[in-house]
Amino acid sequence: MTTTPQAVRRASPRTRRKATPAAPDPSAGLLPQAEPVRLLNPDGTPLPAREDYPEPPVEALREMYRRMVVGRRFDVQATALTKQGRLAVYPSSRGQEACQVGGVLALRDTDWVFPTYRESMALTARGIDPVEVLTLLRGDWHCGYDAAARHTAPQCTPLATQCVHAAGLAYGESYQGRDTVALAFIGDGATSEGDFHEGVNFAAVFKAPVVYFVQNNKYAISVPLSRQTAAPSLAYKGVGYGVPSDQVDGNDPVAVLAVLTRAVEHARSGKGPFLVEAHTYRMEPHTNADDQTRYRDAEEVEAWRDRDPIARLEAYLRDRGVLDDAAVAVIADEAEAYAAALRDRMNAQPAVEPLSLFDHVYAEPTPQLVEQREQVRAELAAAREEEGDA
Amino acid sequence: MTTTPQAVRRASPRTRRKATPAAPDPSAGLLPQAEPVRLLNPDGTPLPAREDYPEPPVEALREMYRRMVVGRRFDVQATALTKQGRLAVYPSSRGQEACQVGGVLALRDTDWVFPTYRESMALTARGIDPVEVLTLLRGDWHCGYDAAARHTAPQCTPLATQCVHAAGLAYGESYQGRDTVALAFIGDGATSEGDFHEGVNFAAVFKAPVVYFVQNNKYAISVPLSRQTAAPSLAYKGVGYGVPSDQVDGNDPVAVLAVLTRAVEHARSGKGPFLVEAHTYRMEPHTNADDQTRYRDAEEVEAWRDRDPIARLEAYLRDRGVLDDAAVAVIADEAEAYAAALRDRMNAQPAVEPLSLFDHVYAEPTPQLVEQREQVRAELAAAREEEGDA
Amino acid sequence: MATMTMAKALNAALADAMLDDERVVVFGEDVGQLGGVFRITDGLQARFGDKRCFDTPLAEAGIVGFAVGLAMSGLRPVVEMQFDAFAYPAFEQIASHVAKLRNRTRGALSVPIVIRVPYAGGIGGVEHHCDSSEAYYAHTPGLKVVTPATVEDAYSLLREAIEDPDPVVFMEPKKLYFSSAEAELPARTAPFGTAVVRRAGTDATLVAYGPAVPVALEAAEAAREEGWDLEVVDVRSIVPFDDATVTASVRRTGRCVVIQEAQGFAGVGAEIAARVQERCFHALHAPVLRVAGLDIPYPAPMLEHTHLPSVDRVLDTVARLQWDDQPDSRWVAA
Amino acid sequence: MATMTMAKALNAALADAMLDDERVVVFGEDVGQLGGVFRITDGLQARFGDKRCFDTPLAEAGIVGFAVGLAMSGLRPVVEMQFDAFAYPAFEQIASHVAKLRNRTRGALSVPIVIRVPYAGGIGGVEHHCDSSEAYYAHTPGLKVVTPATVEDAYSLLREAIEDPDPVVFMEPKKLYFSSAEAELPARTAPFGTAVVRRAGTDATLVAYGPAVPVALEAAEAAREEGWDLEVVDVRSIVPFDDATVTASVRRTGRCVVIQEAQGFAGVGAEIAARVQERCFHALHAPVLRVAGLDIPYPAPMLEHTHLPSVDRVLDTVARLQWDDQPDSRWVAA
Ligand SMILES: Cc1ncc(C[n+]2csc(CCOP(=O)(O)OP(=O)(O)O)c2C)c(N)n1
Ligand SMILES: Cc1ncc(C[n+]2csc(CCOP(=O)(O)OP(=O)(O)O)c2C)c(N)n1
Ligand SMILES: [Mg+2]
Ligand SMILES: [Mg+2]
């Protein structure tokens with residue numbers, strides 16, 4: 001034990017200094033506000049304007065209203081298509097329109113969106129052909145739209161994995177001198193996955209311009225938020241990564257757009273990622289195949305009707321005098337036409353080409369795949385012959 | 001768009017209520033203090049006593065000193081054994097003695113410890129035979145001690161995975177009516193792994209009695225903390241799980257034991273997990289095989305000598321009059337004897353039985369393994385014969 | 001005797017196991033009030049309480065690692081992975097801990113847990129919901145891997161899996177969940193490590209497991225028209241594997257086709273083919289052939305039938321078993 | 001011509017690739033200042049700056065998922081998994097995204113990334129540091145899987161992997177890192193999808209890859225004393241696999257032993273054995289035999305030699321290739 005004495009000797013002189021004076025609160029600027037940001041009351045009457053989250057221009061809000069109305073009509077139509085067997089399954093986001101549309105309106109077309117299976121409305125709001133949006137659920141291929149051209153990743157099913165992709169994409173873009181922002185949608189349940197942790201942390205460490213947008217709709221299929229976290233709210237996860245965070249009333253379209261706009265500016269200005277938690281609610285079952293009566297009662301759902309984001313924004317815009325019956329009717333007609341066109345196009349059975357299964361496994365099929373393709377080609381030919389004979 | 005009007009109508013009457021008054025800060029009691037808890041100055045002189053972390057009984061501190069001294073001597077010996085080729089590799093924790101010993105002293109024998117490869121000193125401090133502690137690194141088997149009997153999981157190499165095991169074990173124990181606490185050691189780097197996130201979150205949601213004890217020694221092999229997190233400190237991760245957290249000067253043995261004691265009480269009293277971050281430093285390379293000159297300079301290491309935890313505690317205990325030259329000498333001799341005995345026993349080549357490879361893959365070997373065991377048995381017999389002939 | 005679905009038999013196995021052994025706890029995503037997306041845990045929470053059957057945070061590594069800890073405390077966890085591909089986040093916990101803990105500790109600790117994995121396709125599921133992942137587990141020493149193809153096996157193998165002292169990855173063929181059959185519960189069929197001849201035949205042996213078994217049986221029926229009398233062996237227990245039954249059958253018939261739904265390359269079918277040709281070389285009139293899924297990511301619903309081993313594909317392959325004892329022209333060419 | 005280690009050749013391949021293509025970025029754990037625990041990235045950060053070669057947070061799913069995002073932005077990430085078993089946390093990212101993204105998007109997005117995995121044992125490493133994990137990747141459609149056994153192949157295959165438009169899991173046999181040979185860089189050897197005959201022989205074919213290749217060559221040398229002239233085929237490219245070269249060799253020799261270090265059950269060797277017996281049935285004088293690691297978790301250092309395919313084990317197996325054209329007594333009994 002020779003080290004101790006000398007260590008003590010060494011220690012003595014230098015360490016008589018006082019403990020450094022208490023530093024300022026290190027979590028300052030990283031914690032969310034205790035209450036979700038709100039700019040409109042549920043009935044659409046405005047709350048006092050606030051410094052931190054200036055209200056978006058009214059034209060933007062009007063456009064937001066339009067896309068929310070069309071989005072909801074699309075969503076209702078998609079659910080109807082499942083009943084007619086045109087879609088294998090459909091996860092509705094009715095009730096989450098403010099988040100779905102706000103998440104997209106806050107971005108430029110050159111920014112990247114990382115949607116989940118829940119984000120069909122966000123995709124239509126982004127201007128993606130609704131039939132291409134539904135390709136995955138219709139079952140003729142996986143991703144129906146051109147992800148590269150639309151700067152929109154394929155809808156992600158393996159939960160939270162997109163959080164890491166968004167960090168990488170955003171960092172890669174800035175690394176190459178582009179001011180792209182990536183916005184990753186994620187659900188409340190998915191925040192429990194390790195990839196949420198790793199993704200947000202990578203974004204924070206590399207100061208990647210990402211907005212992590214948590215739509216806390218209170219359920220992961222049947223599992224309530226209380227089984228996902230014991231935290232005061234999901235927005236409190238940000239500080240653990242050094243990521244500024246805030247929470248917003250997800251059914252207040254004005255607040256959602258205001259908060260996301262600031263979050264996107266924060267990211268684009270090189271300050272790194274921002275975490276937003278929106279408190280919202282899905283009015284429909286998890287998917288058309290889900291039986292929600294097993295885990296929540298009608299009253300709970302009913303109560304949320306009072307917080308309908310579309311009614312809320314409509315009331316406000318009418319109040320502001322930028323929306324009247326005529327305008328509402330025009331938008332409603334547009335939504336109807338949109339849905340009708342979708343219905344018609346979805347009635348046509350899509351053409352699928354079995355041999356295309358081999359086209360994109362690799363840039364060039366391996367010899368083994370070429371062999372298998374020949375086998376399938378032969379099977380198809382034989383089948384056609386039989387049909388011919390028949 | 002039939003829903004909107006009626007939604008508005010419904011909305012109006014019920015939603016005239018005011019926004020609820022601002023709630024108290026939801027993060028209260030979950031955030032760590034801005035400065036690491038410290039009860040001794042680096043030179044061992046005491047700081048003012050504090051309400052939140054009462055000083056542990058002096059006998060406990062004296063015992064802590066003893067185990068730290070023996071532990072360091074063990075650690076030095078183990079490093080020496082690598083030079084003699086008696087150990088394949090050894091990750092030293094010299095400099096982290098306060099954490100290694102404090103983490104164990106705060107627990108009962110019936111509590112469970114989840115150590116990493118770094119925790120050799122914690123294991124010896126727990127009274128585990130040092131040769132059994134070194135079995136893994138000597139290479140005659142994986143885990144050398146009886147994990148069940150010692151309530152000590154095998155040293156965990158896949159980083160952060162033990163965080164989840166600790167949550168499960170602790171929950172399972174309380175589920176069965178036992179008041180066991182689990183303490184999981186984890187490094188600063190490993191907090192970046194998804195399993196840290198999932199483990200702490202499971203513990204929080206199930207209120208499992210776990211203490212997550214992060215030894216932040218500033219490096220993950222060569223990677224500095226700044227590449228692991230942008231958070232003010234790792235202790236700020238707790239609030240995101242609703243887990244109370246604090247940070248402590250990991251080279252202040254009195255503070256480490258005080259903080260861990262409170263953390264363990266918190267867990268045992270049914271309040272759920274507690275997260276402790278200890279700021280410390282490893283004085284040796286990551287392992288004997290590591291070349292630390294590639295990532296940190298000698299001055300940095302030197303500076304930490306002034307914060308030697310053993311010297312610090314020794315000075316304090318001498319000051320308190322519970323330790324004198326004679327007592328120090330006795331403990332030093334004990335440590336020498338401990339190391340000498342270890343050296344001798346490690347000089348003997350351990351007996352290994354090739355056929356034992358098949359004994360514990362399953363409770364009963366599969367027919368395939370029986371077949372393979374017979375093949376190996378035949379090979380060994382043949383080899384013996386050849387030797388015989390030779 | 002009552003007619004019931006495989007889903008119901010699995011549910012009954014869980015209920016009976018929980019009844020017989022207090023240590024059995026069932027958890028995962030949506031297994032509580034919802035009863036699982038396939039309703040395999042239906043009613044368990046209501047019957048046994050939310051401490052015996054409960055929902056967890058949404059994190060598969062967490063679920064499996066939590067089960068490891070619970071097992072260390074003396075419990076017998078049965079966890080559900082919601083779908084095959086959603087077990088991948090738990091791969092490290094499965095490969096590095098579940099499979100190895102007993103061995104690492106020389107038996108001081110064991111991991112008697114069951115990881116239930118609804119797997120394979122044929123249900124029109126979208127991407128990530130139809131993977132056949134059995135080979136990943138079968139290739140990992142320390143795990144047992146079983147998969148039922150009948151209603152009674154579903155019950156019996158699951159009961160045995162829960163009683164087994166070792167970790168069992170229990171692969172449930174989704175497309176068979178709602179297939180029903182007469183079943184007498186509590187049924188106890190052949191134990192782990194036993195393959196079963198589902199159909200006796202003399203001309204060739206079809207070796208299959210899980211979702212491929214019904215295909216094999218259908219093909220054997222259809223083959224009669226072609227004048228082939230095919231034997232069908234249901235592997236049931238991938239690890240441990242029953243060489244004796246498979247080998248005996250192929251020695252009798254002299255020809256063998258191995259059928260699996262998973263992509264073929266380095267799959268379980270490759271292992272079976274390799275074992276059979278080694279053990280039956282002198283009895284074989286033709287090479288052991290394989291019918292497997294294509295070596296592609298699982299296709300979208302409208303294309304899955306092209307991917308899945310079909311009765312036609314099996315028959316085409318049987319036809320290549322060199323009945324004329326002439327070499328396969330495809331390879332002579334090469 | 002200069003003598004160099006495989007480690008140096010890999011390092012040179014990374015450096016040359018970074019020099020030739022600005023889009024190439026190298027990252028992972030300890031790959032920066034430290035140059036990787038095996039020094040494969042030694043000097044890259046100093047030479048190309050800490051934006052081209054950098055350390056990341058300690059999270060493998062994060063590393064691989066981050067690479068996916070970087071690839072989407074147009075870069076060419078090369079990531080290092082520090083050891084085989086430490087790639088398991090990234091399994092979901094690899095199986096569900098890296099392997100599938102091109103296919104899911106009909107080629108709109110691709111993932112030209114290289115995942116470097118130091119694998120296998122023979123270096124006295126402790127648990128979790130010596131797994132042979134190649135089969136997990138080879139069984140996953142959408143991934144290419146290659147593994148060098150020579151110094152020049154290490155350079156050439158890594159360069160090709162980085163240039164490849166598809167994701168490549170690049171398996172580096174740890175025990176060969178510091179084996180050295182004469183090498184002329186920049187070497188370009190046979191491309192992906194090509195196996196190479198390392199030693200010509202007439203009596204039997206030993207098929208091996210990665211760490212098993214030197215064992216096969218040594219065994220072939222030793223076999224001369226026993227009077228056997230063995231051919232050795234180095235697979236190199238597991239996916240895509242070179243049937244032509246392997247099949248041609250076995251047709252010439254009429255006997256085949258497949259050697260792999262990984263646990264045998266459902267490994268790559270099973271696939272090779274299954275393919276060979278199907279394609280060479282009429283040329284085979286004996287079943288295709290396999291020599292593989294035992295079906296156990298990788299053993300502690302002092303016991304690894306019992307686990308690893310040894311020259312003796314290979315020779316014992318060659319001896320069982322029915323040189324007298326008599327059935328293998330072990331199976332006749334059964
Ligand atoms: C890794 C993984 N595990 C499980 C699932 C199955 N799954 C699909 S959606 C879902 C619930 C997700 O809940 P949340 O994240 O809150 O999103 P929401 O559906 O509410 O929008 C689950 C468990 C999955 N897709 N991926
Ligand atoms: C999942 C996983 N990835 C990588 C490694 C390799 N590795 C071993 S120790 C280490 C650094 C760990 O640093 P930290 O968590 O700070 O603990 P420390 O070694 O400093 O005590 C790494 C990367 C591992 N063991 N497990
Ligand atoms: Mg949700
Ligand atoms: Mg560290």
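Labels below follow one simple rule: chain letters A, B, ... track the order of the sequence lines, proteins then strands, and each chain is numbered from 1.
Counting heavy atoms from C-beta outward, D:Asp312 and B:Glu379 have side chains that stay 4.5 Å or more apart. Residues B:Asp291 and D:Arg39 have side chains in contact (heavy-atom distance under 4.5 Å, counting atoms from C-beta outward). Between B:Ser222 and D:Gln33, every side-chain heavy-atom pair lies at or beyond the 4.5 Å cut-off. For the pair D:Glu60 and B:Leu159, the minimum side-chain heavy-atom distance is 4.5 Å or more.
The heavy-atom pair separating D:Leu58 from B:Gly189 by the smallest distance is CB-O, 3.4 Å. Pairing each heavy atom of D:Gly124 with each of B:Ala88, the nearest pair is O-CB, 4.3 Å. The two atoms that bring D:Phe54 and B:Arg227 nearest to each other are CB-NH1, 3.6 Å, heavy atoms only. Minimum interatomic distance between B:Pro158 and D:Phe86 (heavy atoms only, all atoms of both residues): CA-CE2, 4.2 Å.
Crowding of D:Glu225 atom CD: a count of heavy atoms from other residues, nucleotides or ligands under 6.0 Å not exceeding 12. Enclosure of atom CD in B:Glu364 is not indicated, since only 12 or fewer non-hydrogen atoms of other residues, nucleotides or ligands lie within 6.0 angstrom. Counted within 6.0 Å of CZ on D:Arg224, heavy atoms from surrounding residues, nucleotides or ligands total 12 or fewer; the atom is thus considered open.
In this structure, the side chain of B:Gln372 engages the main chain of D:Asp295 through a donor-acceptor pair within 3.5 Å.
Of the listed residues (B:Val376, B:Asp195, B:Asp140, B:Leu357), the one with the most heavy-atom contacts under 4.5 Å to chain D is B:Leu357. Chain D forms more heavy-atom pairs under 4.5 Å with one residue of B:His286, B:Arg373, B:Gln228 than with any other, namely B:Gln228. Considering only heavy-atom pairs separated by less than 4.5 Å from chain B, the leading option among D:Ala59, D:Pro57, D:Gly35 is D:Pro57. Among D:Asp55, D:Asp316, D:Val126, D:Thr56, the residue making the largest number of heavy-atom pairs under 4.5 Å with chain B is D:Asp55. Contacts with chain D were tallied for B:Val352, B:Ile221, B:Val361, B:Thr191; B:Ile221 has the most, counting heavy-atom pairs under 4.5 Å.
Within the 4.5 angstrom heavy-atom criterion, only side-chain atoms of B:Leu369, from C-beta onward, approach chain D. With a 4.5 angstrom heavy-atom cutoff, B:Arg138 touches chain D via backbone and side-chain atoms both. Using a 4.5 Å cut-off between heavy atoms, D:His129 contacts chain B through its side chain alone, with no backbone atom that close. Only the backbone of B:Glu353 comes within contact range of chain D, with at least one heavy atom under 4.5 Å from a heavy atom of that chain. Residue B:Glu374 does not touch chain D at all, counting heavy-atom pairs closer than 4.5 Å. Contacts between D:Gln263 and chain B at a heavy-atom distance below 4.5 Å are absent for every atom of the residue. If you measure heavy-atom distances from B:Ala220 to chain D, the contacts under 4.5 Å come from both the backbone and the side chain. At a 4.5 Å heavy-atom cutoff, D:Ser310 makes no contact with chain B through either its backbone or its side chain.
Atoms OG1 and CE, from B:Thr135 and D:Met302 in turn, are 9.5 Å apart once rounded to the nearest 0.5 Å. Taken to the nearest 0.5 Å, the OH atom of D:Tyr88 stands 13.5 Å off from the OG1 atom of B:Thr161.
In this structure, B:Arg294 does not pair ionically with D:Asp30, as no charged nitrogen and carboxylate oxygen lie closer than 4.0 Å.
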